[in-house]
Every structure is written in structure tokens, then in C-alpha cells.
Amino acid sequence: MTIEGIVLRCTRSGYTVHAGTQILQCTLRGNLKKQFEFSTSASRARRVLRARPEVFRDVIAVGDRVRVHVSHHGHGVIEEVLPRQTSFSRAGFRGKERTVVCNIDQVAIVFACAEPRLDPWKLDRFLVAAEAESLEPLIVANKCDLNTPEPFNEYAGLGYRVLPTSVVAGIGLEELKEKLKGRVSAFVGPSGVGKSSLLNAIQPGLGLRTAEVGSVTHKGRHTTTTAQLIPLRFGGWVADTPGLRQFEFLDLSPEEIADCFPEFRDVLGSCKFDDCRHASEPGCAIKEAVAAGRISERRYQSYLNMTANLT
Ligand code: GDP
Ligand code: ZN
């Protein structure tokens with residue numbers, strides 16, 4: 001009997017797979033490794049097309065959907081790896097560890113309505129990172145008991161999903177569960193905005209590791225843990241990985257960054273010069289759109305900040 005599942009953890013000794021209501025310890029069928037080297041082309045094209053071949057060196061990564069032959073109680077053999085939809089990869093501390101999580105299909109970007117006050121420049125960077133990886137962003141405006149979510153209106157206006165929540169007042173938590181249901185989500189955002197609190201509110205115990213890691217970092221950096229998916233009791237998974245928390249974009253060109261601003265997309269391609277960086281070039285359609293009020297000054301300035309030191 002084979003059943004479909006999702007890889008929660010990869011260790012030297014094997015793979016933990018969540019299939020239906022079971023958690024299975026699995027090994028890999030012997031000849032699968034070879035086969036898989038030729039079947040990576042099915043991955044969905046990312047918005048950023050630059051090749052990152054290291055992603056594909058992993059036969060199986062956390063988040064992979066697999067078919068498992070259940071051999072005996074609690075154990076199985078992975079017979080097949082289904083095509084990856086997305087793949088997120090980051091080098092860890094001093095390149096020692098690498099985070100690879102596949103098939104994340106949503107990034108919950110958590111910021112607070114107050115304490116700390118919304119830093120839109122920072123939120124823009126998280127959004128660009130999500131767009132660059134083709135991960136659908138969900139902006140969570142937490143601590144809405146302290147302030148209205150009005151600072152987030154700008155983002156709702158751009159078409160982003162914004163969900164006001166409050167762990168303290170119990171607002172938006174059912175809606176958050178609804179949005180996480182059946183999906184693989186990553187929680188990112190600056191520290192202190194309430195990521196652990198939110199995770200604990202939707203499933204007690206879930207935010208624990210985040211808190212533990214945070215509280216021991218002053219004792220040294222060797223506490224970093226490897227990537228894993230945590231199953232949610234109401235359905236769905238949350239990706240828990242240290243690399244994900246530093247959700248910064250890497251190696252993006254100005255052209256790629258511009259494409260990660262959704263309000264730029266209709267206008268891109270109308271500039272006088274094909275290689276326009278939308279900075280001081282004449283005949284720039286982006287600058288015209290800013291002057292006409294169709295693109296906000298602030299977002300345009302954010303683009304300039306992100307591309308200022310790039311060649
Ligand atoms: P993290 O660093 O993003 O994981 O943030 P934490 O979950 O550790 O929360 C940081 C602080 O914000 C803690 O003192 C929480 O009690 C507090 N906090 C979290 N959520 C809320 C909320 O919805 N409202 C208020 N007023 N405080 C919150
Ligand atoms: Zn331009």
C-alpha cells in the first residue's frame with residue numbers, strides 16, 4: 001500500500017513523513033536518488049529566474065510531497081517524490097547549514113500595529129523577498145488592540161491581503177487559522193511583533209521553539225536547528241526554520257527588484273530605455289507614474305533604497 005504524505009524532517013537516519021493521520025519514519029528507496037536527478041524540471045518557474053542549482057542537489061527536502069510504501073507499523077519507504085512547486089533555500093550561519101524548504105505556498109509576514117510601530121521600509125523588503133520566491137504573502141497586522149491597523153492600508157491598497165490580529169484581545173485568530181488551513185506557511189517578521197504569541201494562540205506549544213531559540217542566542221550561535229514542518233491540528237503546516245526568520249532577499253538585480261513591486265508591473269517595459277533603472281534616466285515610465293500619483297512616492301523611494309548599492 002502506498003500513501004501520499006509530506007516530509008516534516010530530514011535527518012541522517014531518515015525522513016519523518018506526515019501522511020493522513022500518521023507520522024512515519026521513512027527511508028528512501030535505493031534507486032530513487034538517481035531517478036530524481038532527472039526530474040527537477042517540473043518546478044514552477046520562479047519570478048526570479050536566476051538558476052540556483054544548489055537547491056536541486058537535495059534528493060528530498062522538508063516540504064516535499066512523497067508517495068510512501070508503508071512497510072510496518074510507523075515505518076515506510078519513500079517510493080516517489082512528487083514535483084516541487086516552490087523551493088526556498090538559504091545558506092545558514094557562516095554557510096555551515098543550509099535551509100531548504102519546499103512547497104511553501106504562503107508567507108505570513110507579521111508586523112505590529114504598535115510596539116514596535118510599523119516600519120514600512122522593512123515590510124517592503126519582506127514583500128520583495130516573498131515576491132522574488134513566488135511565495136504568496138499574507139500580511140498579519142498584529143497587536144491591533146494597541147492601535148488601529150490603519151498604517152497597513154497602503155498595502156491593502158496594493159492588493160495585498162492584510163489580516164488584523166490581536167493575541168491579547170483574541171481578534172482575527174479564527175481567520176488566521178482559516179488562512180493557514182491546508183497550506184504550508186512560513187511565519188516571518190521582525191522580533192517582538194508577536195510571531196511566537198500568534199503561533200501559540202492558534203496551537204499551544206507551537207511557538208515554543210521560536211522562543212527557546214531566541215532566549216539562548218546570547219549563549220552562542222550553535223543552537224541553530226534544522227528546518228522542519230510542524231503539522232497544525234486544524235490542518236496545514238508551519239515551516240519552522242532559523243533561516244526563514246531572516247527572510248532577506250539575496251542576489252536580486254534592480255530589474256528583478258522592480259518586478260517584485262506589483263504596482264510597477266503594468267508600467268515596466270514602457271520606459272524609453274530597455275535597461276532603465278528608474279533612477280535618473282529620461283523618459284522613465286515609473287517616474288512618470290510616480291509624478292501622476294499612480295505609484296506612491298514612498299514605495300518608489302523604497303525601490304530606490306533597495307537598489308541604491310547594486311551595480
Ligand atoms: P516574536 O519575537 O515576534 O515571536 O514576538 P513575541 O511573540 O515574543 O511577542 C513579543 C511581545 O509582544 C510579548 O511581550 C508579547 O506578549 C507581546 N504581544 C504579542 N502579541 C500581542 C498582541 O496581540 N497585543 C499585545 N498588546 N501584545 C502582544
Ligand atoms: Zn524607468
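First listed ligand is number 1; within each ligand, the first listed atom is number 1. Just so you know, residue 1 is the first one in the sequence shown, and it goes up from there.
Between Cys113 and Ala141 the shortest heavy-atom distance is SG-O, 3.7 Å. The shortest heavy-atom contact between Pro190 and Lys195 is O-NZ, 2.6 Å. Looking at every heavy atom in both residues, Arg233 comes nearest to Gln203 through N-OE1, 2.7 Å.
The atoms of ligand 1 that sit less than 4.0 Å from any heavy atom of Leu146 are 26 (N). In summary, the atoms of ligand 1 found under 4.0 Å from a heavy atom of Ser197, numbered by their order in the structure, are 6 (P), 7 (O), 9 (O), 15 (C), 19 (C), 20 (N). Every atom of ligand 1 with a heavy atom of Val168 under 4.0 Å away is listed here by number and element: 22 (C), 23 (O), 24 (N), 25 (C), 26 (N), 27 (N). Listed by number with element, the atoms of ligand 1 under 4.0 angstrom from any heavy atom of Lys195 are 1 (P), 3 (O), 4 (O), 5 (O), 7 (O). Atoms of ligand 1 lying under 4.0 Å from any heavy atom of Gly192, numbered from 1 in the order shown and given with element: 1 (P), 2 (O), 3 (O), 5 (O), 10 (C), 12 (O). Within ligand 1, the atoms closer than 4.0 Å to a non-hydrogen atom of Asn142 are 20 (N), 21 (C), 23 (O), numbered from 1 in the order shown. Within the listing of ligand 1, atoms 1 (P), 3 (O), 5 (O), 6 (P), 7 (O), 9 (O), 19 (C) sit less than 4.0 angstrom from a heavy atom of Gly194. Near Ser191, meaning under 4.0 Å from one of its heavy atoms, ligand 1 places the atoms 2 (O).
Annotation for Glu115: atom CD does not count as buried by contact number, only 12 or fewer foreign heavy atoms lying within 6.0 Å.
Side chains of Leu232 and Lys177 form no contact here, defined as non-hydrogen atoms less than 4.5 Å apart.
One finds a salt bridge joining Glu263 and Arg299 here, because a Lys/Arg side-chain nitrogen approaches an Asp/Glu carboxylate oxygen to under 4.0 Å. The residues Arg67 and Glu79 are annotated as not salt-bridged, no charged nitrogen and carboxylate oxygen being separated by less than 4.0 angstrom. The existence of a salt bridge linking Arg65 and Glu4 is excluded, since no basic side-chain nitrogen approaches an acidic carboxylate oxygen closer than 4.0 Å.
At under 3.5 Å, not a single nitrogen or oxygen of Thr165, backbone or side chain, sits near a nitrogen or oxygen of ligand 1.
Contact annotation: for Asp145 versus ligand 1, heavy atoms closer than 4.0 Å belong to the side chain alone.
Draw a line from the Zn ion (ligand 2) to SG of Cys284 and another to SG of Cys276, and the angle between them is 110° (to 10°).
Within His278, the N, O or S atom at minimum distance from the Zn ion (ligand 2) carries the name ND1.
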